[in-house]
Number of protein chains: 2
Amino acid sequence: MKNSQLYKGSLNTIIMKLLEENGRMYGYEITQKVKLITKGELNITEGALYPALHKLEADGLLDVEVERVDNRLRKYYKLTKSGEKETVNRLAELEEFIKNMQTLVTPNINPDLQY
Amino acid sequence: MKNSQLYKGSLNTIIMKLLEENGRMYGYEITQKVKLITKGELNITEGALYPALHKLEADGLLDVEVERVDNRLRKYYKLTKSGEKETVNRLAELEEFIKNMQTLVTPNINPDLQY
DNA sequence: CAAATATACATAAATTTCTTATGCATAACA
DNA sequence: TGTTATGCATAAGAAATTTATGTATATTTG
């Protein structure tokens with residue numbers, strides 16, 4: 001990924017969310033889209049991306065279709081049924097995570113919570 | 001930590017923010033406070049916490065004061081000057097991270113961004 | 001009052017995730 | 001024609017965390 005350690009653990013969620021949104025994507029496309037969306041802040045390295053895609057596929061969350069475009073290989077990934085379900089869970093976890101981190105950073109965001 | 005992988009990489013930032021806020025805390029206190037704030041969602045394990053504290057101390061970001069309370073040992077940690085500066089950076093990174101993740105999850109949060 | 005739980009620290013082995021470094025191949029650009 | 005972009009892959013190493021222990025005292029509970 002990039003500088004701050006914070007992105008560790010979020011790669012799978014990012015991949016799955018993008019696939020949920022775009023139907024199908026190939027690896028290189030994912031790296032470029034993430035770079036665009038985060039205005040260059042997050043650069044997914046190939047060494048992280050490809051093993052992650054392979055693992056998601058092995059876990060039955062992604063399906064692959066290989067295509068040749070401009071005489072170059074592309075592996076299009078899309079969510080399986082199981083992957084779609086899991087994506088819902090992951091996104092819910094992500095929202096909880098973000099909420100919790102915001103609360104930790106600015107605890108008075110939730111004045112009801114006494115500690 | 002807990003279930004979702006997302007918290008990986010955020011432990012140091014959490015520790016430093018809590019210390020910035022509370023002046024000084026001991027390890028066990030940190031675990032309990034985090035549990036409270038996140039309503040039980042995030043449980044920092046000892047195997048993660050203590051090595052993290054030791055490393056932050058070794059890096060000169062934390063100072064320790066050992067005290068005996070109720071005949072039990074406590075190691076109070078607080079930010080050094082250097083640690084205070086670094087905390088500002090880490091929190092800025094965290095905010096950027098959260099923004100980016102929110103954008104990834106709900107890209108239309110920023111309609112100006114075309115891709 | 002004995003057993004279980006809470007408080008409080010610590011470390012070591014194994015696992016997971018990611019970085020860094022390569023490698024291969026084609027296309028486009030300068 | 002050399003560099004950059006596109007597109008995939010893997011392997012070695014680093015870093016953070018989990019899981020499993022270990023030690024010790026205090027408190028609660030049956």
Side-chain angles (χ1 to χ4, degrees), chain A residues 1-16 24-36 40-59 61-62 64-77 90 93-94 97 101, chain B residues 1-16 24-36 40-59 61-62 64-77 90 93-94 97 101:
Chain A
M1 305 265 200
K2 200 217 147 189
N3 42 0
S4 81
Q5 308 270 56
L6 295 165
Y7 293 93
K8 274 184 194 276
S10 60
L11 178 56
N12 285 337
T13 303
I14 291 172
I15 291 171
M16 291 169 77
R24 65 172 209 168
M25 299 177 80
Y26 55 99
Y28 186 76
E29 187 184 11
I30 291 174
T31 66
Q32 298 310 302
K33 179 143 291 196
V34 168
K35 201 182 290 182
L36 253 176
E41 281 227 9
L42 178 50
N43 286 299
I44 298 179
T45 60
E46 296 156 294
L49 177 67
Y50 291 116
L53 287 172
H54 299 162
K55 184 164 192 315
L56 287 170
E57 189 196 350
D59 291 346
L61 301 175
L62 302 188
V64 198
E65 289 166 13
V66 182
E67 287 183 25
R68 186 166 287 277
V69 179
D70 286 335
N71 204 30
R72 269 198 245 88
L73 204 67
R74 281 187 191 170
K75 289 197 169 181
Y76 281 97
Y77 290 91
R90 305 271 181 117
E93 274 182 17
L94 176 58
F97 167 68
M101 290 306 288
Chain B
M1 305 267 199
K2 199 218 146 190
N3 42 0
S4 84
Q5 310 273 54
L6 295 166
Y7 293 92
K8 279 181 192 275
S10 59
L11 178 56
N12 285 336
T13 304
I14 291 172
I15 291 172
M16 292 169 77
R24 65 172 209 168
M25 300 178 79
Y26 54 99
Y28 186 76
E29 187 184 11
I30 291 174
T31 67
Q32 299 309 301
K33 178 144 291 197
V34 168
K35 201 183 289 184
L36 253 177
E41 281 226 11
L42 178 51
N43 286 298
I44 297 178
T45 61
E46 296 156 295
L49 176 69
Y50 292 115
L53 287 172
H54 299 161
K55 183 163 193 317
L56 287 170
E57 189 197 350
D59 291 346
L61 302 174
L62 301 188
V64 196
E65 289 166 12
V66 182
E67 286 184 25
R68 185 165 290 276
V69 179
D70 288 335
N71 204 31
R72 270 200 243 90
L73 203 69
R74 280 189 191 170
K75 290 196 168 182
Y76 281 97
Y77 290 91
R90 304 274 179 115
E93 274 182 17
L94 177 58
F97 166 68
M101 290 306 287

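So that the names make sense, note that chain A is the first sequence line, chain B the second, and so on, each numbered from 1. All values reported here derive from a predicted model rather than from experimental measurement.
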query: Is any N or O donor-acceptor pair between the side chain of Glu46(A) and the base of dC8(D) shorter than 3.5 Å?
result: yes
**Prompt:** Please, which pairs that meet side chain to side chain donor-acceptor pair (under 3.5 Å) have at least one residue in residues 47-59 of chain B, sequence neighbours excluded?
**Reply:**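 Of all non-adjacent pairs touching residues 47-59 of chain B, those that pass side chain to side chain donor-acceptor pair (under 3.5 Å) are Lys55(B)-Asp59(B).
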Using 4.0 Å as the upper bound for N to carboxylate O, is an ion pair formed by Arg24(A) and Glu65(A)?
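Looking at Arg24(A) together with Glu65(A), the answer is yes, because their closest N to O distance falls below 4.0 Å.
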Reckon [X] has a side-chain N or O less than 4.0 Å from the OP1 or OP2 of [N]?
| X | N | result |
| --- | --- | --- |
| Thr45(B) | dT17(D) | no |
| Lys55(A) | dT16(C) | no |
| Tyr26(A) | dC8(D) | no |
| His54(B) | dT11(C) | yes |

Shortest side-chain distance from [X], nucleotide among [options]:
| X | options | value |
| --- | --- | --- |
| Tyr28(A) | dC18(C), dT6(D), dA16(D) | dT6(D) |
| Tyr50(B) | dC9(C), dC18(C), dC8(D) | dC9(C) |
| Gln5(B) | dC9(C), dT17(C), dA10(C) | dT17(C) |

Less than 6.0 angstrom separating the ring centers of Tyr7(B) and Phe97(A), yes or no?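 Centroid separation for Tyr7(B) and Phe97(A): below 6.0 Å.
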**Message:** Students often get this wrong, so: under 4.0 angstrom with heavy atoms, is Gly27(A) touching a base, only sugar-phosphate, or nothing?
**Reply:** sugar-phosphate
[N] [atom2] sits how many Å from [X] [atom1], rounded?
| X | N | atom1 | atom2 | answer |
| --- | --- | --- | --- | --- |
| Lys33(B) | dA6(C) | NZ | P | 20 Å |
| Glu67(B) | dA8(C) | CD | P | 12 Å |
| Glu65(B) | dA8(C) | CD | P | 16 Å |
| Gln32(A) | dA5(D) | CD | P | 9 Å |
| Asn43(B) | dT7(C) | CG | P | 13 Å |
| Leu6(B) | dT17(D) | CG | C1' | 14 Å |
| Ile14(A) | dC18(C) | CD1 | C1' | 13 Å |
| Leu53(A) | dT10(D) | CG | P | 11 Å |

Quick tally for nucleotides 25-30 of chain C: nucleotides whose base has a protein heavy atom under 4.0 Å get B, sugar-phosphate-only ones S, the rest -, giving -BS---
Query raised in the report: Hey, what do you get for CG (Leu42(B)) to OG (Ser10(B)), rounding to the nearest 0.5 Å?
Result: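 Rounded to the nearest 0.5 Å, the CG-OG separation comes to 7.0 Å.
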Let me see the working for Ile15(A) and Leu49(A) under side-chain contact (heavy atoms from CB on, under 4.5 Å), right down to the final yes or no. CA-CA 9 Å; Ile15(A) 291 171; Leu49(A) 177 67; 3.8 Å; yes
* side-chain contact (heavy atoms from CB on, under 4.5 Å) evaluation trace for Val66(A) with Leu73(A) -> CA-CA 7 Å; Val66(A) 182; Leu73(A) 204 67; 3.6 Å; yes
As a quick check of understanding, evaluate side-chain contact (heavy atoms from CB on, under 4.5 Å) for Met101(A) and Ile14(B), giving each step before the final call.
CA-CA 8 Å; Met101(A) 290 306 288; Ile14(B) 291 172; 3.9 Å; yes
